[in-house]
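Worksheet: the structure to be examined is printed underneath.
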Amino acid sequence: MAWLTATYLIESTPESIEERAEALAIEQSVECPLEAVRDPRIRDEIVARVAAIEPAGRDRFRVDVQIAVETTGGETAQLINMIFGNCSLWENVQLVGLELPPAMLAQFPGPRHGIAGIRALLAAPHRPLTSAAMKPQGMRVPAIAAMCRTFAFAGVDVIKDDHGIADQTYSPFAERVAACQAAVAEAVMATGKPSFYAPHLIGMPRVLREHARIAREAGVRVVLVAPMVVGLPAFRELVDDFPEFVFLAHPSFGGAARIAPPLLFGRIFRLLGADAPVFVNYGGRFAYPQDECGALAAAARAPWGELRPALPVPAGGMRLDRVDELIAFYGPDTMLLIGGNLLLAEGDALAARAREFVLEVERVGSQASA
C-alpha cells in the first residue's frame, strides 16, 4: 500500500491531542466510527493513520497523518478532498504540510516552464524580474492598452491585468487582449526588449477554455489565473490543455481556507502547474509575516521530485523604495510585482516611474550577482 502524508497544526490540550488526532484521521478517510468498519481490508488499507504528534507551542501540536493514496482516485479534486475536506470545517485545524510518494508525485507535471522557462522567454538569465498590474478596475480598453504600452516601453517584463479585470462591458476580454497585445508588440519592436502582457482568465470551465483559446490565437504567452477562484481542478485542466502558457497564479480567495500559505501557494499551486505563484508580501497591506513569506518562496523553488521550480512573485502594497530590501531577502530568482505604487504618477510621470522601477531592479540585481 502507498500512503501520502498530510501534516496539520491542531489546537488542543495535551490530554486530548491523541484523541483529536485519531478523530481527524478517521474523518479524513472512512468518516464513520471505527467500530463500524468490519472489513479487515478497509481497516488495513483505507483507514488513515496517525504517524506522529509533536508539540508546536502552548496547546498546539503538529500531527502527521498517513492517508491511503488509493482513496484519492488519482484525481485533483479528490486529493484535496482527502487531505482537507471535512477537517477544514474545524476552526482549530490548519493544513500545513503535504508529502506525496514518488509514484504519485510523478503524476503531476507541475510547472511547464518554471524559473528557467520564464527566464528564457524574457532573455534574462540572471537578474530579478519585474511585473506591473494595470489598475484601477473600471478602465475602458483604450486606457488599459495605453497603460500596457507605457509599461512595455519602460521595460517591465510582465504586464498583467489586475485580477478584478475580467470580461466586463467596459473591458470585453477579446477586445482588451487584442489591444494590449498590439501595444506590447509595438513597444517590443521599438525597444528590442522582450515584454509580455498577461490577461486574466476567469469564469466557468467553458469560459476559461474559450478565453484561453482567444488569448493563444492573439499570441499571448503569459496568463493570470486565480486557482482558488476558478477551482483547483479547473486550473490543473487549463494547465494541461494550454502547456504553451506561462501561468501566473494569483492568491485571491486563498485566505478563505485554513491552509498554510507556504503549502497552498508554494507547493500545491506549483504541483498543479503554476509557473509563478503571486503572494502577498510582508510589510504591505496584508499581514503576512516575513518568515512565512520566506518559507513560501523557498517552497516554490525547493527541489521536489522532478517538478520544475516555480518563480515567487511577491506583491500587495509593494513600493519602489523597498526594491533593494526585497531583492536582498528573496534573491534573484524572484519577480517583483508593483501595482498601485506605480500609479501614484500619471502620463509622462507614470512612464518615468515605471522606468525607474525597471532600472532599480536591474541595478540591485547586478550588484547582487557581482
Side-chain angles (χ1 to χ4, degrees), residues 109-134 148-161 163 176-178 180-201 211-225 227 235 238-250 269-270 272-279 297 300-301 306-315 327 330-339 354-355 357-359 361-362 365-366 369:
R112 300 309 197 274
H113 305 274
I115 295 174
I118 295 171
R119 288 194 175 283
L121 195 63
L122 289 162
H126 305 296
R127 65 172 174 83
L129 305 177
T130 58
S131 180
M134 292 182 289
C148 193
R149 180 181 182 277
T150 296
F151 285 148
F153 267 98
V156 175
D157 294 312
V158 176
I159 303 146
K160 74 173 192 67
D161 283 344
H163 78 278
R176 184 177 76 251
V177 168
C180 288
Q181 274 294 100
V184 169
E186 178 189 353
V188 171
M189 181 70 69
T191 66
K193 182 183 185 299
S195 184
F196 294 88
Y197 163 60
H200 180 213
L201 304 182
H211 284 186
R213 182 193 63 77
I214 291 170
R216 179 171 60 189
E217 291 181 356
V220 165
R221 293 297 310 276
V222 184
V223 295
L224 175 73
V225 183
F235 173 66
L238 196 63
V239 172
D240 288 344
D241 291 346
F242 295 87
E244 65 271 39
F245 286 156
V246 168
F247 283 88
L248 299 181
H250 195 278
F269 278 17
R270 174 186 173 191
L272 300 183
D275 294 287
V278 181
F279 60 97
R301 296 182 293 219
E306 298 299 316
L307 269 62
R308 295 179 180 87
L311 183 71
V313 187
I327 291 177
Y330 288 111
D333 282 335
T334 305
M335 179 185 291
L336 299 186
L337 169 57
I338 297 184
R355 185 60 181 159
F357 169 46
V358 170
L359 292 176
V361 170
E362 291 178 351
S366 65
S369 60

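Note that the coordinates shown come from a computational prediction; the quantities given were computed from them, not determined experimentally.
- Between the side chain of T334 and the main chain of P128, no donor-acceptor pair closer than 3.5 Å is present.
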Any chance you could lay out the side-chain contact (heavy atoms from CB on, under 4.5 Å) test for V223 and H211, step after step, and finish with the verdict? CA-CA 10 Å; V223 295; H211 284 186; over 6 Å; no
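- Remark: the backbone N or O of T130 is paired with a side-chain donor or acceptor of D157 at under 3.5 angstrom.
- Not one N or O on the side chain of R127 forms a donor-acceptor pair closer than 3.5 Å with the backbone of E362.
- For the side chain to side chain contact (heavy atoms under 4.5 Å, CB included) with L201, the qualifying choice from I214, V225, D161 is V225, the only one to do so.
- Counting heavy atoms from C-beta outward, P227 and L272 have side chains that stay 4.5 Å or more apart.
- Residues F247 and L238 meet the side-chain proximity criterion, which asks for heavy atoms closer than 4.5 Å.
- The residue from R112, H113, R216, R221 that alone fulfils the side chain to side chain contact (heavy atoms under 4.5 Å, CB included) condition with F245 is R216.
- Taking a cutoff of 4.0 Å between a charged side-chain nitrogen and a carboxylate oxygen, D333 and R119 qualify as a salt bridge.
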Hey, mind stepping through L336 and I327 against side-chain contact (heavy atoms from CB on, under 4.5 Å) and telling me if it holds? CA-CA 8 Å; L336 299 186; I327 291 177; 3.9 Å; yes
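- The side-chain hydrogen bond (donor to acceptor under 3.5 Å, both in side chains) test applied to E306 returns no partner, not counting sequence neighbours.
- H163 is not listed as a side-chain neighbour of V278, based on a closest heavy-atom distance of 4.5 Å or more.
- Here the shortest heavy-atom pairing between M335 and S131 reads SD-CB, 3.5 Å.
- The shortest side-chain heavy-atom distance between P194 and V188 does not fall under the 4.5 Å cut-off.
- Taken to the nearest 0.5 Å, the SG atom of C148 stands 6.5 Å off from the OH atom of Y197.
- The heavy-atom pair separating H250 from F269 by the smallest distance is O-CE2, 3.8 Å.
- Proximity of a side-chain donor or acceptor of R270 to a complementary backbone N or O of A300 within less than 3.5 Å is detected.
- Residues A133 and F151 approach most closely at O-CE1, 4.1 Å, considering heavy atoms.
- When all heavy atoms of P309 and R301 are compared, the pair lying nearest together is CB-O, 3.5 Å.
- S195 places a side-chain N or O within donor-acceptor distance of the main-chain N or O of V156, the cut-off being under 3.5 Å.
- Contact detail for A187 and A152: the closest heavy-atom pair is CB-CB, 3.4 Å.
- Between H126 and P332, the closest side-chain pair of non-hydrogen atoms is not below 4.5 Å.
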Test side-chain contact (heavy atoms from CB on, under 4.5 Å) on L121 and V222; report intermediate values, then the result. CA-CA 10 Å; L121 195 63; V222 184; 4.2 Å; yes
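- Note that CE of M134 is 12.0 Å distant from NE2 of H200, once rounded to the nearest 0.5 Å.
- P199 approaches V177 most closely through the heavy-atom pair CB-CG2, 3.8 Å.
- Taken to the nearest 0.5 Å, the CG atom of L248 stands 7.0 Å off from the CD1 atom of I118.
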Test F153 against T191 for side-chain contact (heavy atoms from CB on, under 4.5 Å), laying out the working first. CA-CA 7 Å; F153 267 98; T191 66; 3.9 Å; yes
